[in-house]
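Remember, it's a predicted structure, so these values are computed and weren't measured experimentally. Values below: all heavy atoms of this structure, side chains included; hydrogens, waters and symmetry mates excluded. Throughout, a chain's letter reflects where its sequence line sits, starting with A, and its residues are numbered from 1.
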Amino acid sequence: MKQSVFFFLIISLLSPAVSMGQNVDDVVAFANRQFELGNYSLASKEYNRAFFFGAGNKDIITLRIADCYSQLENYEQAGNFYDRAYRLSSSDSLKNEAILGKAFCLVMQDKLMLSLIELYNFEYTASKEQQSIYHFLKGLTHFGLHDDSLSYHEFVKIAELQTQQSFDIEVLDSEFEKILNYNKRYNPQRAYIMSGIIPGSGQLLTGEIKDGLNSMLLIGGLYLIALRVMHLYSFWDAAIALFPWIQRYHMGGMEHSKELAATKIDQKRYESYLNLLELTLPQRYE
Amino acid sequence: MTRFINTVFIVILFSASRLPAQENIFDCNNSLRFANYLYNTAQYELAQHEFERLSFFCNLNEETQLALLKTYRKNQQYSKANQFFQTKDFTRLEQMDTDYKAEYIRLMMSQQLYGEVQKAINTGLTFPEKFEHQLAIKLLHKNWNDAYNYTQNNNIPQNLKANTLTDISSRAYASTQKKPWLASLMSVVVPGSGKMYSGYWGDGLISLLFTVSSGFFAYRAFNRYGSDKVYPWIAGGLAVSYYSANIYGGAKAAQRYNENLNHQFIHETERILFSDY
């Protein structure tokens with residue numbers, strides 16, 4: 001009887017210690033699982049919980065929170081957590097991860113100069129994968145800043161880093177050659193001058209046939225009317241009556257052709273950008 | 001033997017009692033700490049979830065309730081926060097804690113319900129930064145004179161927000177607004193001068209050139225060809241349309257100038273007022 005009472009007491013006393021709730025490690029494991037499943041909002045909350053209640057590896061957890069926010073496209077918040085992860089970590093590899101993550105967020109926010117500044121903190125003793133991403137982000141940033149030759153060199157370095165060449169360097173060359181040609185072919189200044197000499201020709205240069213013919217007919221018609229007025233009345237009559245209209249449409253057409261050329265270059269650059277992404281995109285961003 | 005077993009049991013019992021019971025990180029107290037951490041690190045969406053969980057599982061105290069209301073506002077889920085305040089009239093609101101009253105004002109201001117805040121001020125609701133809010137409402141309603149007089153007739157609290165808003169009201173009061181009727185009148189007398197008066201010198205000059213030259217052209221056409229022909233009438237119509245457009249353009253230019261100026265003051269007011277919301 002006495003023994004059974006003792007047993008009862010022991011079980012009662014041990015039960016709170018044995019029947020444990022979730023501990024911090026369980027929370028991290030749960031967060032990891034949610035991250036793998038792509039439930040980034042829930043994962044970020046659980047990583048935060050683990051961080052707050054004293055889980056080890058605070059730098060890794062902070063990095064994971066940043067990754068969650070990056071996946072959720074909340075780049076500003078992600079950037080804050082990458083900064084924290086950088087400060088919390090003493091490992092070069094993790095610091096590099098934080099830099100790459102932050103730089104990516106800045107690229108996504110179109111803060112290209114800031115992204116470039118961020119990348120200057122990158123330690124070049126990193127793994128090949130990190131180096132590839134570093135060059136990829138730098139290439140992307142330079143491309144966005146219209147520094148095409150610098151961008152090209154960064155993309156070439158990605159190919160150089162691969163033991164098994166991941167992409168054909170000739171394809172990269174031809175893509176950048178195309179970019180160079182677009183800039184020459186659709187030179188906005190040239191389109192502007194052409195439209196000045198022959199109305200509508202600048203638009204035709206950019207492939208906008210309808211716009212070009214419209215401008216040609218309209219301005220040509222105005223000039224014909226002006227000639228007719230000159231013939232019937234006087235030069236000054238024609239000038240006063242039709243100069244404002246001719247000036248409005250002729251100058252407007254020149255400006256318009258310049259804008260069209262610039263837009264065309266942007267369109268072509270965007271196509272090239274997509275091709276470059278397809279060619280050089282690191283696995284983690286796929 | 002029995003004594004030995006008993007002793008062993010007692011030792012085990014004692015050791016077991018020394019075992020630290022594991023902390024439950026999901027209990028009310030820890031959840032509250034965690035929710036506050038999320039709020040303080042600006043993770044408002046996650047904070048809102050945690051506060052809502054707390055409100056379901058635990059008894060919300062006033063502080064937690066207020067924090068939940070704040071997260072609603074931060075997440076721009078105004079209707080949820082409004083629900084809480086809708087049940088309270090100003091008498092009940094006045095009896096509430098100052099932080100609640102401040103939150104009510106911020107909630108209304110964030111939704112641009114300036115009329116509600118004005119009503120609260122008129123009914124004598126006491127809340128922090130009353131001077132700043134009253135002044136800001138006047139500025140946001142573009143009542144520059146009222147705003148300036150308000151700063152002249154009241155004691156200005158010595159803080160950055162109040163001082164900056166006062167400075168904005170002084171500048172807005174001193175700013176010269178362009179009068180659209182004057183711009184129109186000037187354009188009637190000298191074409192283009194209304195635009196020049198509004199600061200658009202280039203536009204004004206072009207307007208002057210076109211109106212004067214088309215007028216001259218019409219005058220010459222009538223002189224030379226008489227009123228029997230169609231041509232002088234076309235030229236005259238052109239001149240009249242330029243002239244009318246110049247008058248309309250003058251008034252519009254003045255309005256545009258005022259809008260730009262006012263927008264600048266309003267933008268500054270919003271930036272200062274909402275800086276610590």
Side-chain angles (χ1 to χ4, degrees), chain A residues 2-27 40-55 62 65 68-69 72 74 76-78 80-81 84 229 232-234 236-245 247-248, chain B residues 2 5-27 30-31 33-38 40-50 53 206-207 209-221 224-225 229 231-232 234-235 238-239 241-242:
Chain A
K2 249 185 177 178
Q3 273 189 1
S4 63
V5 171
F6 270 124
F7 273 122
F8 180 74
L9 274 171
I10 286 168
I11 289 163
S12 306
L13 277 163
L14 284 175
S15 59
V18 177
S19 62
M20 291 181 295
Q22 293 151 13
N23 62 24
V24 175
D25 292 338
D26 294 334
V27 172
Y40 300 112
S41 185
L42 183 56
S44 74
K45 189 177 174 189
E46 295 311 318
Y47 281 128
N48 265 297
R49 198 189 302 278
F51 178 91
F52 183 70
F53 289 107
T62 311
I65 297 171
C68 287
Y69 277 119
L72 291 166
N74 186 345
E76 205 168 321
Q77 192 69 278
N80 292 338
F81 276 96
R84 277 186 221 177
V229 172
L232 286 175
Y233 303 103
S234 72
W236 289 110
D237 284 299
I240 292 166
L242 288 150
F243 173 74
W245 302 99
Q247 187 267 349
R248 155 84 181 77
Chain B
T2 314
I5 290 169
N6 285 350
T7 317
V8 169
F9 277 157
I10 287 163
V11 168
I12 293 171
L13 203 66
F14 181 74
S15 317
S17 69
R18 308 311 300 166
L19 272 177
Q22 182 164 356
E23 190 186 25
N24 180 4
I25 57 176
F26 289 93
D27 67 15
N30 278 330
S31 292
R33 281 173 55 221
F34 177 53
N36 283 329
Y37 153 78
L38 290 172
N40 291 331
T41 49
Q43 301 180 77
Y44 300 118
E45 214 176 304
L46 300 184
Q48 184 186 324
H49 295 164
E50 199 61 17
R53 203 176 71 78
I206 296 280
S207 200
L209 275 175
F210 282 131
T211 315
V212 169
S213 59
S214 64
F216 172 70
F217 165 59
Y219 168 76
R220 210 163 64 96
R224 186 180 285 188
Y225 305 106
K229 297 242 169 140
Y231 172 63
I234 295 173
L238 207 67
S241 69
Y242 278 151

Visitor: If you count heavy-atom pairs under 4.5 Å between each of K45(A), R49(A), Q77(A) and chain B, which one has the most?
Guide: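 Top count of heavy-atom pairs under 4.5 Å with chain B: R49(A).
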Visitor: Can you confirm whether Q43(B) sits close enough to I65(A) that some side-chain heavy atom of one is under 4.5 Å from a side-chain heavy atom of the other?
Guide: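 Yes. Closest side-chain heavy atoms under 4.5 Å.
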Visitor: What distance do W236(A) atom CH2 and S213(B) atom OG have between them, rounded to the nearest 0.5 Å?
Guide: 10.5 Å
Visitor: Of the non-hydrogen atoms in V229(A) and Y231(B), which two are nearest, and what is the gap between them?
Guide: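 Minimum heavy-atom contact is CG1-OH, 4.5 Å.
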Visitor: Can you tell me which portion of F210(B) sits under 4.5 Å from chain A's heavy atoms? Options are side chain, backbone, both or neither.
Guide: side chain
Visitor: Minimum heavy-atom separation for F53(A) to N30(B), with atom names?
Guide: CZ-O, 3.3 Å
Visitor: Heavy-atom distances under 4.5 Å only: say whether L209(B) touches chain A with side chain, backbone, both or neither.
Guide: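 Contact with chain A involves no heavy atom of L209(B) at all.
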Visitor: Which class fits the ring pair F34(B) and F52(A): parallel under 30°, tilted 30 to 60°, perpendicular over 60°?
Guide: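 Because their plane-to-plane angle lies in the 30° to 60° range, the rings of F34(B) and F52(A) count as tilted.
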Visitor: Check each atom of L238(B) against the heavy atoms of chain A and say whether the ones under 4.5 Å are side chain, backbone, both or neither.
Guide: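 For L238(B), side-chain heavy atoms alone lie under 4.5 Å from chain A.
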Visitor: Side chain to side chain contact (heavy atoms under 4.5 Å, CB included) between E45(B) and S44(A): does it pass, once the steps are laid out?
Guide: CA-CA 11 Å; E45(B) 214 176 304; S44(A) 74; over 6 Å; no
Visitor: Would you say the side chain of Q247(A) lies within less than 4.5 Å of the side chain of I206(B), judging by non-hydrogen atoms?
Guide: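 They are not in contact (no side-chain heavy atoms under 4.5 Å apart), so the answer is no.
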